[in-house]
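Letters A, B, ... are given to chains in the order of the sequence lines, protein chains preceding strands, and every chain is numbered from 1. Just so it is clear, the structure is predicted and the values come from calculations on it, not from any experiment.
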Amino acid sequence: EVQLVESGGGLVQPGGSLRLSCAVSGFTFSDHYMDWVRQAPGKGLEWVGRTRNKANSYTTEYAASVKGRFTVSRDASKNSLFLQMNSLETEDTAVYYCVRSQLTSRPYFDFWGQGTLVSVSS
Amino acid sequence: DIQLTQSPSFLSASVGDRVTMTCRASQGIRTSLAWYQQKPGKAPKLLIYSASTLQSGVPSRFSGSGSGTEFTLTISSLQPEDFATYYCQQADSYPLTFGGGTKVESK
């Protein structure tokens with residue numbers, strides 16, 4: 001059974017940092033692209049960033065709104081995905097989802113974690 | 001960036017109705033489009049990918065069509081568990097983007 005379990009959310013002041021983790025199980029982690037998607041309270045979905053699979057050297061992509069502030073990484077030995085968030089802004093307040101992408105030519109988001117809430121406020 | 005515009009934003013329907021919603025892309029994305037269903041307080045669920053391929057385990061009353069810039073999600077006979085918000089998402093180019101959503105409500 002595929003499982004994605006996020007942790008690390010919480011309240012942080014503007015300008016602060018936070019590191020989200022996602023523990024995965026039930027599939028071969030290194031085979032899949034992995035993403036972070038967020039949802040501000042009462043709003044729609046926003047893609048945050050991606051790490052490709054081992055075959056593609058775990059390269060990354062980011063949304064313009066977070067590029068240079070957020071870093072997606074993974075530890076294959078621990079089956080874990082991370083999102084390092086620096087210079088946080090109030091607009092970063094959202095539920096952050098860890099998401100697995102399919103093994104297809106255009107990877108779509110086929111499994112989602114339950115989400116972890118990040119609140120940026122003074 | 002590719003913008004996705006969903007219409008309508010809200011849709012009132014009854015159980016048994018045939019429901020159709022649209023997603024328009026600001027430029028051609030071939031068939032690189034997915035549809036997701038989200039219920040309050042829950043993570044989204046993949047319904048359709050590559051514009052028309054039904055995800056495993058998704059009921060056959062859901063179908064998708066379209067290519068290029070115009071796409072449609074149809075629910076052939078609305079069931080009580082289908083009241084939710086539906087999002088489209090393009091996977092043609094970075095940054096990956098979502099539409100603003102269509103909320104299906106009970107009439």
Side-chain angles (χ1 to χ4, degrees), chain A residues 1-6 9 20 22 24 27 32-52 56 59-70 72 94-117, chain B residues 1-10 21 23 25 28-58 62 64 66-67 71 73 84-103:
Chain A
E1 179 192 6
V2 173
Q3 289 196 347
L4 308 169
V5 180
E6 302 97 335
L20 305 183
C22 174
V24 313
F27 64 99
H32 288 261
Y33 290 23
M34 296 294 300
D35 296 77
W36 290 95
V37 174
R38 69 184 180 183
Q39 187 168 36
K43 302 298 184 182
L45 301 167
E46 180 186 16
W47 173 75
V48 172
R50 160 173 284 177
T51 171
R52 294 182 178 87
N56 288 282
T59 52
T60 55
E61 300 283 350
Y62 296 96
S65 58
V66 306
K67 195 169 186 178
R69 300 188 298 124
F70 289 13
V72 180
V95 173
Y96 285 73
Y97 293 101
C98 167
V99 187
R100 189 188 86 163
S101 289
Q102 295 171 312
L103 292 174
T104 54
S105 58
R106 296 286 181 182
Y108 300 95
F109 308 133
D110 66 347
F111 279 95
W112 298 62
Q114 84 286 354
T116 187
L117 177 63
Chain B
D1 297 5
I2 296 173
Q3 296 182 10
L4 299 178
T5 302
Q6 290 187 243
S7 60
S9 299
F10 297 90
M21 61 194 77
C23 177
I29 58 170
R30 295 171 284 190
T31 57
S32 302
L33 189 100
W35 291 94
Y36 301 86
Q37 176 194 67
Q38 187 179 33
K39 297 181 180 179
K42 300 294 186 181
K45 173 187 174 183
L46 177 64
L47 301 175
I48 301 280
Y49 63 94
S50 297
S52 60
T53 303
L54 195 67
Q55 173 69 350
S56 176
V58 174
F62 290 93
S67 67
F71 301 86
L73 175 69
T85 300
Y86 294 83
Y87 293 95
C88 58
Q89 175 247 328
Q90 66 84 17
D92 187 75
S93 63
Y94 294 102
L96 308 179
T97 50
F98 289 89
T102 292
K103 186 174 184 179

When only pairs under 4.5 Å are counted, which of G101(B), P44(B), G100(B) shares the most heavy-atom pairs with chain A?
P44(B)
If the condition is side-chain contact (heavy atoms from CB on, under 4.5 Å), which residues does V95(A) pass it with, not counting sequence neighbours?
Y97(A), L117(A)
Can a side-chain donor-acceptor contact be found between E46(A) and S65(A) if the only test is distance below 3.5 angstrom?
yes
Examine the side chains of D110(A) and S101(A) and answer whether a donor and an acceptor come within less than 3.5 Å of each other.
no
With a 4.5 angstrom heavy-atom cut-off, is it the side chain or the backbone of V99(A) that approaches chain B, or both, or neither?
neither
So for S50(B), is it side chain, backbone, both, or neither that comes closer than 4.5 Å to the heavy atoms of chain A?
both
Anything under 3.5 Å between a donor and an acceptor, one on a side chain of residues 30-39 of chain B, the other on a protein residue two or more places apart or in another chain? List them.
{"from": "R30(B)", "atom 1": "NE", "to": "D92(B)", "atom 2": "OD1", "distance (Å)": "3.0"}
{"from": "R30(B)", "atom 1": "NH2", "to": "D92(B)", "atom 2": "OD1", "distance (Å)": "2.7"}
{"from": "S32(B)", "atom 1": "OG", "to": "I29(B)", "atom 2": "O", "distance (Å)": "3.4"}
{"from": "Y36(B)", "atom 1": "OH", "to": "F109(A)", "atom 2": "N", "distance (Å)": "3.0"}
{"from": "Y36(B)", "atom 1": "OH", "to": "Q89(B)", "atom 2": "OE1", "distance (Å)": "2.7"}
{"from": "Q37(B)", "atom 1": "NE2", "to": "Y86(B)", "atom 2": "OH", "distance (Å)": "3.0"}
{"from": "Q38(B)", "atom 1": "OE1", "to": "Q39(A)", "atom 2": "NE2", "distance (Å)": "2.9"}
{"from": "Q38(B)", "atom 1": "NE2", "to": "Q39(A)", "atom 2": "OE1", "distance (Å)": "2.8"}
{"from": "Q38(B)", "atom 1": "NE2", "to": "K42(B)", "atom 2": "O", "distance (Å)": "2.9"}
{"from": "K39(B)", "atom 1": "NZ", "to": "E81(B)", "atom 2": "O", "distance (Å)": "2.8"}

Please determine, among Y62(A), Y108(A), W112(A), the option with the most heavy-atom pairs under 4.5 Å with chain B.
Y108(A)
Set of ring pair (Phe, Tyr, Trp, His ring centres under 6.0 Å) partners for W47(A), sequence neighbours left out
Y94(B)
Are the charged groups of R50(A) and E61(A) less than 4.0 angstrom apart, N to O?
no
With a 4.5 Å cut-off on side-chain heavy atoms, are V66(A) and R38(A) touching?
yes
Side chains of W36(A) and C98(A) in contact at under 4.5 Å (non-hydrogen atoms):
yes
Positions in residues 1-10 of chain B that reach chain A, provided some heavy atom is under 4.5 Å away
none
Pick one of side chain, backbone, both or neither for Q102(A), based on which atoms fall under 4.5 Å of a heavy atom in chain B.
side chain
